[in-house]
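By convention here, the first residue in the shown sequence is residue 1.
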Amino acid sequence: MKFSHKILFIFMVTLGMSCKTFSQDQELKEKPIVADFDDIYVYNDLLYEYETDNLYTGLIHRRKKNGELIQEDYVERGVIHYTLMFYRRQKRKPHSKYIYNKDNPYVLREVIRFHLEGDVFKTTYYDYDGRRILEEDFKDGKLIYSCEFNGRKRHGKELCITEKCDTTVMYYVNGKKQHKKRI
């Protein structure tokens, strides 16, 4: 082996070792801190730890008296990003995921509902102020129902797809049906 090849070999080995230790350090940092719901308090719409009075970053678990996990909140710098709600008597199978608006804490951006098998069966979208704007239902991964909303009232296009692939489109303005169209 030539001298330049030896130096290149040593350089590659040390680079590989440093990359490996860097990735291990990063894995340790990415493991979330888990706190109980009783260890956290809310002040000015932000979540703080009782022990340190610092903004909380990590997971918050809410459990029943028997220890069963019913809710898990993902928090970063005091703001809840999303919440997972779990089925009863099922080992960590979520039934819904509530995704919050990053700029407007505690206001929903999206709600995803899951079957027991893990498939998405309903998704609801919200605007910046938390008003419902779109609702979609799925069956076997395919869209079967979609409806646009303006708050609580249907406003826009409602799409229904049957099992025979018949498509019906209805139009609404402020909750009043305007006309129906079959495709």
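Proximity of N150 to N174: side-chain heavy atoms (C-beta onward) are separated by under 4.5 Å at one or more points. Side-chain contact between I99 and V111 is absent, with no heavy atoms from C-beta onward closer than 4.5 Å. The shortest distance between side-chain heavy atoms of T123 and E110 falls below 4.5 Å. Annotation: side chain of D137 is not in contact with side chain of F121 (no heavy-atom distance under 4.5 Å). Side-chain contact between T57 and V75: absent, with no pair of heavy atoms (C-beta onward) separated by less than 4.5 Å. Using a 4.5 Å heavy-atom threshold, the side chains of R113 and V120 count as separate.
Here the side chain of N104 pairs no donor or acceptor atom with the backbone of V107 at under 3.5 angstrom. Between the side chain of Y56 and the backbone N or O of L59, at least one donor-acceptor pair lies under 3.5 Å.
When only modelled atom types and interatomic distance are considered, Y41 and D53 share a side-chain donor-acceptor pair under 3.5 Å. No side-chain donor-acceptor contact under 3.5 Å links Y74 and E76. At a cut-off of 3.5 Å, with distance as the only test, a side-chain donor of E158 or Y145 sits close to an acceptor on the other residue.
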Exercise for review: In sequence, state the C-alpha distance, the side-chain angles, and the governing distance for E136 and K122, and then conclude on salt bridge (charged side-chain N to carboxylate O under 4.0 Å, His left out).
Suggested key: CA-CA 6 Å; E136 297 176 333; K122 187 173 196 166; over 6 Å; no

Exercise for review: Please assess H155 against Y172 for the test ring pair (Phe, Tyr, Trp, His ring centres under 6.0 Å), listing each intermediate value before the final yes or no.
Suggested key: CA-CA 5 Å; H155 185 77; Y172 289 87; 9.6 Å; no

